[in-house]
Amino acid sequence: MNTTEQTDPTIRTESETEYVTFCVDDLLLGVEIDRVDEINRRVDVTPVPHAPPFVCGVLNLRGEVVTVVDLRMILGRSPADSQRATRTLIVRSKGEQIGLRVDEIADVVRARRSEIDPVPSNLGGTEGRYFEGVHKLESELLIILDIDAALT
Amino acid sequence: METFNDDEIIAEFVVESKEHLADVESKLLAIEAAGADVDLDLVNEVFRAVHSIKGAAGFLGFATLGQLAHELENILNRIRNRELIPDASVTNAMLKASDTLSAMIEDIQHSNEVDISEQLAALEKIVAGELAEDRVATTGAGTNTNMGAEKGAEAVPADTPEKSSNKGKSSSRRSAKASTPKATADSADEPSGEPVAKTPRKRSRKTNGKTTRKTARKTTETASRKPTARSAEKAANNTQDLSEKTTSAVSAEGTKQAESVSTPAPSAKPPVNTGRSQASGSNTKMSIRVAVGVLDRLMNLAGELVLARNQLLQAVASTNSGSLDGVAARLDQVTSELHEAIMQARMQPVGTVFNKFPRVVRDLSSTLQKQCQLKVEGSEVELDKSIIEAIGDPLTHLVRNAVDHGIESPDRRVAAGKPAVGTITLRAFHQAGKVNISISDDGAGIDVAKLKEKAVSRGLLTPEQIAEMSDREALRLIFHPGFSTAEKVTDVSGRGVGMDVVKTNIEKLGGTVDIETQVGRGTTIHVKLPLTLAIVPSLIVRCGKGRFAIPQTNIRELVRIKRRDGAKRIERVKDAEVLRLRGKLLPLVRLCKALGVDRAAEQHERSAVTIVVVEAGHLQYGLIVDGLHDSEEIVVKPLGRHMQNSRILAGATILGDGQVALILDVTGIASHCKLALPKDEEQVGDQESADDSSVDIQTSLLVTNHPDEQFAIPMEAISRMERVRTDQIDSVGGLDVLQYRGTSLPLLSLEKYIHAKPRAETSKVYIVVFSVLNREVGLIVPHLVDIRKISTEVDMVTFREPGVIGSVEIDGRATRLLDLYELTKRAHPEWFTEENNTGVADAVGPASLQQGESPKPLILLAEDSTFFRKQVAGYLEEAGYEVIACEDGQIAWHTLQERGEDFDVVVTDIEMPNMDGCQLAQHIKGDPSLSHLPIIALTSLAGEDDMQRGMESGIDDYQVKLDRERLMAAVARYLREGAARRLRDSTSGTDGQGGTAAVGRRSQP
C-alpha cells in the first residue's frame, strides 16, 4: 500500500469513500456522496433563453434558484429525452448548488482511493477530461466524475 | 512583547479601530484646510481616535501599532497646542501614518512585523524640527504642561501594555476588570485623549491649582477607558469616544463619580461643530452593531417570507374562507412592514462612499499640481448596502476624472478668468424613487469637436458617421471603450479605459449615467441609481409559455393596440418595427424573438398587441409581449455561473406559485437586438417621413440667444444674415438699429419680446434679416447652432406666446419655433395699424372686399400637418377670412363637392396622404363648376420640378408655407381677381378662364 501511495500522489487516505452512481447514456458514473445534497425526481425546470445548450434551465430548490444541466449534453451524447423519467442530482460545485440531470440512479458504491485507477486514454474521448478516474466493478467500469471540471 | 490572544477581543479592537480611523482621513484634511486657524475640536477628535488606538494597541500588545499611533498623537498634540501649523507636508505625513495604521489593523496579527521605522523617523522629524524652532507662541505654562504631557504619553506604550497584557492573559475577562485600576494608576498622569479631557490645555489654564481634583478626575477617566479595550459590551458601537462607551460599564459598577465626571463632558464641548458630535452621540445610544452576514440572512429570510405570504394569499383567495382572510391580511401587512424594516437596516448613507473623496481629490490634485476643492452635498441620502458597496469604484473613477480631465491647471484657470481653485461638486439627492448622484466640475468642459476628431482618428467611427452625429450623441462617445479625452495620457485616469467600465458597472446596478458639458464651464456627470437591488417591484409578463419579470423602474407605460389598429400604428422601417406613439417613433422588440422562445401558433390570433414601453438608459423602446400578469414584488436571486454572461437576463426570482421566473435586463435586450441610439431613432423617423407624406419637414435655422435656450427660425422667412460687431449696434430711443447701407435696419432682441433669458455677451453677433410688410427687420442672434430639417410635429401649447409658434424637441433640447411676423408685431405694433399699413391685407383684403360682397371670403385649406394647418388657418382668419380646413386632399375634394360654390380660394399643401395637392388641383380644374377656383399651393421648399408639375395640374400659384405676408398677398390678389371676374362674368356671361387667366393677371400687386 505504501508503495502505491508514493507512486500515486492523488491517494490521500485509505478510508473507503462512498460514491453515488448513476447512468448517463451508456456510462456508469459516480460522484462522491459528500458532494451530493439530494436527489430529486421530476422537477419543474424553467428554461433559460440564451443559456448554453447543456443548461436545461433553473429550478426552485426551497427558495434558491438552481441551475440544472443535462449531463448527456456535457458528455457529448444526445440530449435527454424529456419524456423519459429522469433524476436530478443536486451537487455542490464551487460553492454553488447545481442540478445534474441523469438517466437513472444506481447504487451507492464504496471504494478505497487506492482502488481508483487513472482514466485509460481510450475512454471517453474528449470528454475524458471530465473523468477523475475509474473503478472496476465486477461487471462494469465505474467512472468517477470530476464535477467541477464537467461544470465549468 | 507578547500578543494578547483572545481572538474575540482582538476582533473587537479591529472593528473599533477601523471606526476610529474611518473619519480620521477627512478630519485631517479639514485640519489641513483650516491651516493656522486650528479647529481644536477637530484636532481633539482625531487625537482621541488615535489615542484610543494607541491605548488599546498597547494593551493588546501590538507595539508597532502603538508606536506609530503614539508618534501621530504627538504631532496632533503639537497642532492642538498651536505649536505646529498643519501644512501640506505635515498633513501628508499624518495621512500616511493613518494609512499605515489602517493597513496594520487590517492585518493585525502581523502588525508587529511591519517596518515603520521610516515613517516614525519622518514623524519624529516633524515633531523635533518644529520643537527646535519653537516659533509658536503659547503661554509658557501651556507649553510646559504639554511637554510634560508628552513625556507622560511616551511612557505609556512601554508601560501599560506589559502589565495589562500580562493581566489580561492570566485572567479571565471578569478578573481583567479587577486589574484595571492598577493599569490606570500607571498611566494616571497621561494627559488627555478622552472626550472628558479633550481640552486639557484649556482646563489646565482654567483650573490651575486644582490639581487634586484634576488628578482624581483623570484617574476615573482612565479607569473608565481601560475596560473598553476589551469592550465588554458589544452593544455600544459606532463610538468615537471610548470613554463615552465605558461610561455605562463604569456606572454599571456603581461608580457614581464616573458618571458625574463624564456627563459634563459633552456640555464642555463648545457649541461649534456639534453636528457631528451629536450624530455620533445619538448613534451610541440608538444603534447596535450587527454582522453583515446576519443582516443578509435576515434579508433572505424576509424575502422567503414575502414569497410564502404571496403563496398564502393566493391559497386564501381560492379557498374563500372568511376566517382566514383577516389573518392573511394581518400577515400580509406585518410581512410588508418587516420587510421594509429589514430593508431599512441595510440602508447606508452615501456619505460612507463620499467620505473618501476629499482625500482622493487632495492627493490627486497635488500630484497633478492643480488646485481643487471638493463640495459634498447630500451625504445623508441612503442607499442599499449592496449598492453603496458597488458604486465606490465607479464614483472614484468619476471624481478622479473630474480632477484629471476636468479641472485645468491653476494658471490656465486664472487666464480663463476663473478662480485658481477648481471646484468639484458631489451631490446626492432623491428623485422619482431613484437616487441621483452628480459629479460636476467647473473645469474646461469637453470639446465635442475634439471628441469627434478623436473618434475618427482612432478609427472608432467614420467621418460620415461623425458628421451625422449630434453633439449630445458625440459626447456619449466618452463611454465608448477605449476613449480618453486627456490630451496626454496620464497615469491618473487617462489610461484609455474607464468610462465604459463605469457605465457598464452602473448599468449593472440598474442605474444610468449621462454627461453634460459646456466648453469652458465644466462638466457634469449624472448617475441615477435605484434605492435598492434586493427587492424589486416588477411586472410579470408572458412570452410563449414562460413568465418573465420586468422591473417597474424600467417601465414607462403599457400600450395595448387592437389588432385591427395594429397595422396603422405599428410600421416597418427596413427590418425594424416601430410604433407611432404620440408623434414619436418607438422602436419595437418582439420579446419572443429576442429571447428565442417559440411562440405558440394561437398567439397570432390574439385580438390585441400588448407593448411594454421600457427605458434603457436614454433609449426607450417597446417590448411586444404575449400577455401581462400581475405586478409582484420580487426578490432578485442571482443566476448560476453558467448564465452569468447572459446580457438579456438580470437574474431570477421565485413567484408566488413557486415557479421560477427570469428577470429581464432591458438594457441588455436593447443591445442584444442592436437597437439604435435615440439619435438613430430620429433618423429612422426622418427616413420614414421621407416616404410618408404625413410628416412635414421644415428647414430651420437653429440659434441660441442665451446658451440655455434654443430657437428655430424657418429658413424661408430669412432674407439673409449679417455678422456685425456689437459696437456697431446703435440704440436709439430704446430701439436697437444697425446703420446699414445708408439706411437704418431696426433690430429685435428676443428677450425684449418673448420669455427668453438675456442674450449671451459676445463681441460679434449675427443679424438674421427678414422682411415684414415690405420692411426689413433684423433679429440679433449671438450664436448659430445649425441648419436642420425639423419635424413640424410641434407642441403648440407649452411655449406658445405671441412670437413663438410652439416647440419641438431637437437633440433632446426643447426648441422654440419663432414667428418673425408676430415678433415684429410685438416690437412695432405701430407698423400694423391701418393707417400705416402698407401691407397687402388691408389694401386688398377682406375689408375692402366686404363692401361689395356681404359674407367673408371663404377659403378652403387642405393641409395634413396639424401644425401648418393651424398656422395657416390662423393667418387667414386673423386677416378676416373664413377658413375651412381639411386634413387631406380627399377630404378637401369632398368638401368642395358639397359646397364648392361657396369657396373663393383654395389653399392646398402638395404632399398629402390619400389625395395630394396636384391631384386635388386636377380634380378641381376638371370640374366645370369648380374650375374657376384659384388654387394656391403651399410647399415647404419650392423646387422647379414641383412647380412645373403643379402648374400642369392647374395650380395657379406657389407660396412658401410660413411666409405669411406673401401668402396673404397672394390670397388677397386672387380674391380681388375673383371679384373682378365675377363682376365681368355677370356682365359678359363668360366663364372658365380659370388658371391661365389668373396667372396672366398675376403681376399686379
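Computed from a prediction, not measured in an experiment: that's the story for all the values here. Residue numbers begin at 1 in each chain, while the letters A, B, ... track the order of the sequences.
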Is it the side chain or the backbone of [X] that comes within 4.5 Å of chain B heavy atoms, both, or neither?
X        : value
A:Thr152 : backbone
A:Val48  : both
A:Ile98  : side chain

Could you walk me through whether A:Ser93 and A:Asp148 satisfy the side chain to side chain donor-acceptor pair (under 3.5 Å) test, starting with their C-alpha distance in whole Å, then the side-chain angles of each, then the deciding distance to 0.1 Å, before giving a yes or no? CA-CA 6 Å; A:Ser93 162; A:Asp148 293 338; 2.8 Å; yes
Less than 4.5 Å to any heavy atom of chain A: does that hold for the side chain of [X], its backbone, both, or neither?
X        : result
B:Ala661 : neither
B:Leu595 : both
B:Arg647 : neither

Residue among A:Arg87, A:Arg77, A:Arg72 satisfying side-chain hydrogen bond (donor to acceptor under 3.5 Å, both in side chains) with A:Asp103: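 Result: among A:Arg87, A:Arg77, A:Arg72, A:Arg72 is the only option passing the side-chain hydrogen bond (donor to acceptor under 3.5 Å, both in side chains) with A:Asp103.
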I'd like to know if the side chain of A:Thr21 and the backbone of A:Asp107 have a donor-acceptor N/O pair within less than 3.5 Å.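 Judged by distance alone, yes, a pair lies under 3.5 Å.
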What's the spacing between A:Leu71 CG and A:Cys23 SG if we round to 0.5 Å?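 One gets 12.0 Å once the value is rounded to the nearest 0.5 Å.
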What is the distance from atom CD of B:Gln552 to atom CD1 of B:Ile634, rounded to the nearest 0.5 Å?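 Nearest 0.5 Å value for the CD-CD1 distance: 10.0 Å.
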Looking at side-chain heavy atoms only, is the closest gap between B:Ile624 and B:Leu579 below 4.5 Å?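 SC-SC contact between B:Ile624 and B:Leu579 ruled out.
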Best-contacting candidate, A:Val66, A:Val69, A:Val58, against chain B by heavy atom pairs under 4.5 angstrom: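 Sorted descending by pairs with chain B, the first entry is A:Val58.
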Chain B contacts, top residue of A:Val45, A:Leu151, A:Val55, A:Leu59 (heavy-atom pairs, under 4.5 Å):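 Greatest number of close heavy-atom pairs with chain B: A:Leu151.
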